[in-house]
Amino acid sequence: MELNVSENLNEKQKLAVEHTEGPLLIIAGPGSGKTRVITQRIAHLIDHCDVKPWQIIAMTFTNKAAREMKDRLGTLFSDEEQHRINASTFHSFCAMLLRREADFLSLNQDYSILDDTDQISLLKRVMDEVGIDPNQWKVRAIQSAISNAKSKLMTASAFRAGKNSYFEEIVDRVFTRYEELVSQSNAVDFDDLIMNTNILFQNHPEVLEKYQSRYLHIMVDEFQDTNLAQYQIAQQLAGLHKNLCVVGDPDQSIYSWRNADITNILSFKKDYPDATEISLEQNYRSTKTILAAAQKVISPNQNRVDKDLWTQNDEGSPIIIAEAYDEFEEARITLNEIQNLIDTGICKPAEIAIMFRVNAQSRVLEEACLKSGVSYQLIGGIRFYQRQEVKDIVSYLRLLNNFNDDASLARIINVPQRSIGKTTLNKLSEQATSGGCSLWNQIEVILNRPDHDNSTSFLNKRSLNSVQVFYNLMKEIHDGSKDMDLQSKIDLVIERTGYRDYLQAMEHGEERLQNLNELRESAADFITIEDEEGLDPLTIFLERVSLISDVDRLEDHANSITMITLHQAKGLEYKTVFIVGMEEGLLPHSRSLEHPEQMEEERRLCYVGLTRAHSRLYLMRAFRRGYRGNYEPSIPSRFLKDIPSKLTLNTGGNIKQRVDNNYKKAESPKKLSSIDDKSPYEQYKERIRQKKINSSKKKNDFNPGDKVMHDVFGEGVVVDVKAIPSDFELTIAFKDGLGIKKLLLQLAPIKKLNNM
DNA sequence: AAATCGTGGATTTTT
DNA sequence: TCCACGATTT
């Protein structure tokens, strides 16, 4: 197939596509056609440089990105060729590599991959074992220290050698034992996938050489969010041919808290002084207005190199800034506007996204969606594969795949209840520890002891019997399902373990069964690819399940709007974007307020959010927001102040005030309130001050039936007046479908309307 | 083994 | 405030 690459590409893009020899660094601003460049570059290599598809590997950030890349290439090549192009995440790539090279490792081919929760439970078990008080030392902190070490390629013994504080002393004690347990379980954690691959390359140069010679070209997308261990993999793979192409944008680095190392970009320049650097600065996604606003938000960061982003796109409409009274009204205004956009045909639901900083914000929005009948996809919250019932069944499957998987065994041995309680499990666990074997092995040892019914046994007769029943059940399912396809295996597990009955007996049982059905479905259309031949499909299925993310499950063309965290939104784009909670403490998040580096990351996060939008951007905030039970005043986000007012239309609380459906900016928009002059927070403080002065002296002169005027909500009628300590709570019904609100007399910006 | 009580913690979460 | 988890009770 012949491709004319120069067509539809700008000069810089063309340079990037046609640079085929030696290291290449592409700095790709948002919306700069990065994915197109990567795919065209692959196409170019194949068409013009005699490179075979299987000699190229592209590392992506998510499975979704990998799939999309393959899809795009699919339109350029035949299916067969497309399949042979290697696009995957670092983790998937390493997982597969470790399976194929398992002979070189102390792992079996069918090893399990521990997820976050498995890790936590193993760590707890270790802490208990080595006598570390979980109240004094947080499991999460230890987990993160271990993960951090591994992403810097530090083994447990290296960590021990370098420990430098009491906390690290504690971590060290857990780390070593944790590693033992993991490897005894024939398992690895996420970080191990990357680290073990590095170690394998180091210990077995012949293995590395095999891959080095196979892969002529290595590409890494979202390079700003890789960690050192991942970068090393890429470097080593490219060690022979030096054709390493990395693509990233330092301004979009938002995962430093997951050990992503923004300095990888600097290291790259140092490691490859002869590297070509190309900066893609033309934006094809957003309006001039949105792009300008985004640049204003990102530019205060000290720690960055300025880019000169530009676009030929239209000026577009102003960015709508709206203030709501509280998070409920924020949600309602947002959904009203969304309904408007949909009803008027301006946007299809799939073109709209609501983005937020923390998942907790999604609940109110969900409710507003339900109320207004707008269907939505919510990403995150409780992740699909972390749902109890899904995780349980997956644990069964993992156990059947690898009986040494202690984490899975411990999870399901008593689910549904089999009278194998904590005491029994603890005893088993103790014995396994002293015997240096897995729980399953320990069970076999006990059951095979001829005298297991007398006092030398560690378990009483009843428990022993229950364990025997469990053991037999697992054996039976395992042996009986050997030749079954995946879906039948899952069915067998659900039925024979009694899990179906167990679910049906509980509330929301149907819903949970529905989730299991979804799991079955995913097994039904599960296909293995060429590279995975010879491996048990169950092993591969479990691997995919472990390595899948929520964003991967996002459906592109569903007839629903998308609700998503700002982090998850990276790499996505929507015609219309609402960012809710543009407030100090939320965006930027309160945890970053005292840490300049984290504050810069919050800024980048905001930047990522803004640049997701094509043509319509709404920045929403609430005047007051519920936080852990009590309400706190909300200060408008500092990022709002960074956007020049000429780019925005500040609607105050009344979004209906927008001029028309095209949002043509009014000559001098009438501002109900503006963050440029007196902010609501100032007004709020003023009222607090007055409240303090007047204290309870102020008398209520509102009575039910009175007409009132509210600065934000407009006209309303007092429904009820209730005296509360040092104030009065007014219940007021507002016009225009704004509903009934409860307001505090001394805080609410209301005036009594004279009766006509 | 289930039910109840109490305490602590509450960003983001590619894999 | 609200939830989850662990400890304690029955």
Side-chain angles (χ1 to χ4, degrees), chain A residues 59-66 88-95 113-117 119-121 124 128 133-136 138-141 143-144 147 150-151 188-195 221-227 229-230 252-260 355-361 363 379-383 385-386 388 414 416-424 462-463 466 543-552 554 564-572 581 585-593 595 598 601-602 604-606 608-609 626-632:
Chain A
M59 302 292 194
T60 57
F61 198 59
T62 60
N63 295 296
K64 186 168 184 270
S88 69
T89 63
F90 272 103
H91 288 84
S92 309
F93 174 79
C94 291
I113 298 172
L114 303 178
D115 67 19
D116 183 72
T117 33
Q119 255 188 87
I120 294 286
S121 53
K124 279 183 186 163
D128 186 52
D133 178 9
N135 292 116
Q136 197 183 349
K138 287 187 228 147
V139 197
R140 285 272 165 206
Q143 180 204 32
S144 129
S147 172
K150 287 183 179 178
S151 53
V188 298
D189 63 29
F190 287 137
D191 300 304
D192 288 335
L193 288 169
I194 313 290
M195 184 150 111
D221 193 10
E222 306 284 9
F223 187 58
Q224 77 280 356
D225 282 319
T226 54
N227 63 34
Q230 292 168 323
Q252 293 182 62
S253 161
I254 54 174
Y255 281 101
S256 74
W257 52 275
R258 282 215 40 148
N259 306 316
M355 300 178 185
F356 35 82
R357 176 64 236 259
V358 302
N359 281 123
Q361 288 172 266
R363 207 160 121 185
I379 304 302
I382 307 159
R383 310 168 69 188
Y385 287 99
Q386 296 294 348
Q388 194 184 308
N414 201 32
Q417 289 93 321
R418 298 190 177 88
S419 314
I420 306 176
K422 231 191 211 155
T423 10
T424 309
R462 246 182 56 187
S463 309
S466 308
E543 176 181 304
R544 298 238 193 122
V545 164
S546 307
L547 299 181
I548 207 155
S549 73
D550 283 310
V551 196
D552 293 332
L554 194 64
I564 197 168
T565 64
L566 287 160
H567 280 91
Q568 292 172 317
K570 192 179 74 163
L572 307 177
L586 257 184
L587 183 64
H589 195 272
S590 53
R591 297 250 180 144
S592 68
L593 297 178
H595 308 275
Q598 284 181 37
E601 186 146 315
E602 294 293 307
R604 294 194 291 269
L605 189 57
C606 183
V608 166
Y627 180 69
R628 293 191 200 165
N630 54 342
Y631 272 87
E632 298 210 336

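Letters go in sequence order (proteins before strands), and every chain restarts at 1. Note that this is a predicted model, so its numbers are computed, not measured.
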Could you walk me through whether A:K570 and A:E222 satisfy the side chain to side chain contact (heavy atoms under 4.5 Å, CB included) test, starting with their C-alpha distance in whole Å, then the side-chain angles of each, then the deciding distance to 0.1 Å, before giving a yes or no?
CA-CA 10 Å; A:K570 192 179 74 163; A:E222 306 284 9; 3.5 Å; yes
Please give the distance between the P atoms of B:dT11 and C:dA4 as a whole number of Å.
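My reading of the P atoms in B:dT11 and C:dA4 gives 15 Å.
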N/O (side chain, [X]) to phosphate O (OP1/OP2, [N]) under 4.0 Å:
X	N	value
A:T565	B:dT11	no
A:N135	B:dG8	no
A:K124	C:dG6	yes
A:R591	B:dT11	yes
A:Q417	B:dA2	yes

Assuming nearest nucleotide by heavy-atom distance, tell me which of A:R363 and A:K422 is located more 5' along DNA chain C.
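Closest to the 5' end, via its nearest nucleotide, is A:R363.
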By the 4.0 Å heavy-atom rule, please label [X] as base, sugar-phosphate, or nothing.
X	answer
A:E601	nothing
A:N63	sugar-phosphate
A:L193	nothing

Do [X] and [Y] get their side chains close enough for a donor-acceptor pair, meaning under 3.5 Å?
X	Y	answer
A:S466	A:S463	no
A:T117	A:Q386	yes
A:S546	A:E543	no

Can you tell me the Watson-Crick or wobble partner of C:dT10, both distances under 3.5 angstrom?
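WC or wobble partner is B:dA1.
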What is the pairing partner of B:dT12, taking Watson-Crick or G-U wobble pairs with both distances under 3.5 Å in any strand?
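In the structure as shown, B:dT12 has no Watson-Crick or wobble partner.
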Centroid distance under 5.5 Å and plane angle under 30°, A:W257 vs B:dT13
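Stack criterion not met.
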For A:H567 and B:dT12, is the gap between ring centres under 5.5 Å while the planes differ by less than 30°?
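Stack criterion not met.
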On the side chain of A:R357, is there an atom forming a donor-acceptor pair with the base of B:dT11 - under 3.5 Å, no angle test?
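Checked by distance alone, the answer is yes.
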Before giving the answer on side chain to side chain contact (heavy atoms under 4.5 Å, CB included), spell out for A:R418 and A:N414 the whole-Å C-alpha distance, their side-chain angles and the decisive distance to 0.1 Å.
CA-CA 5 Å; A:R418 298 190 177 88; A:N414 201 32; 3.8 Å; yes
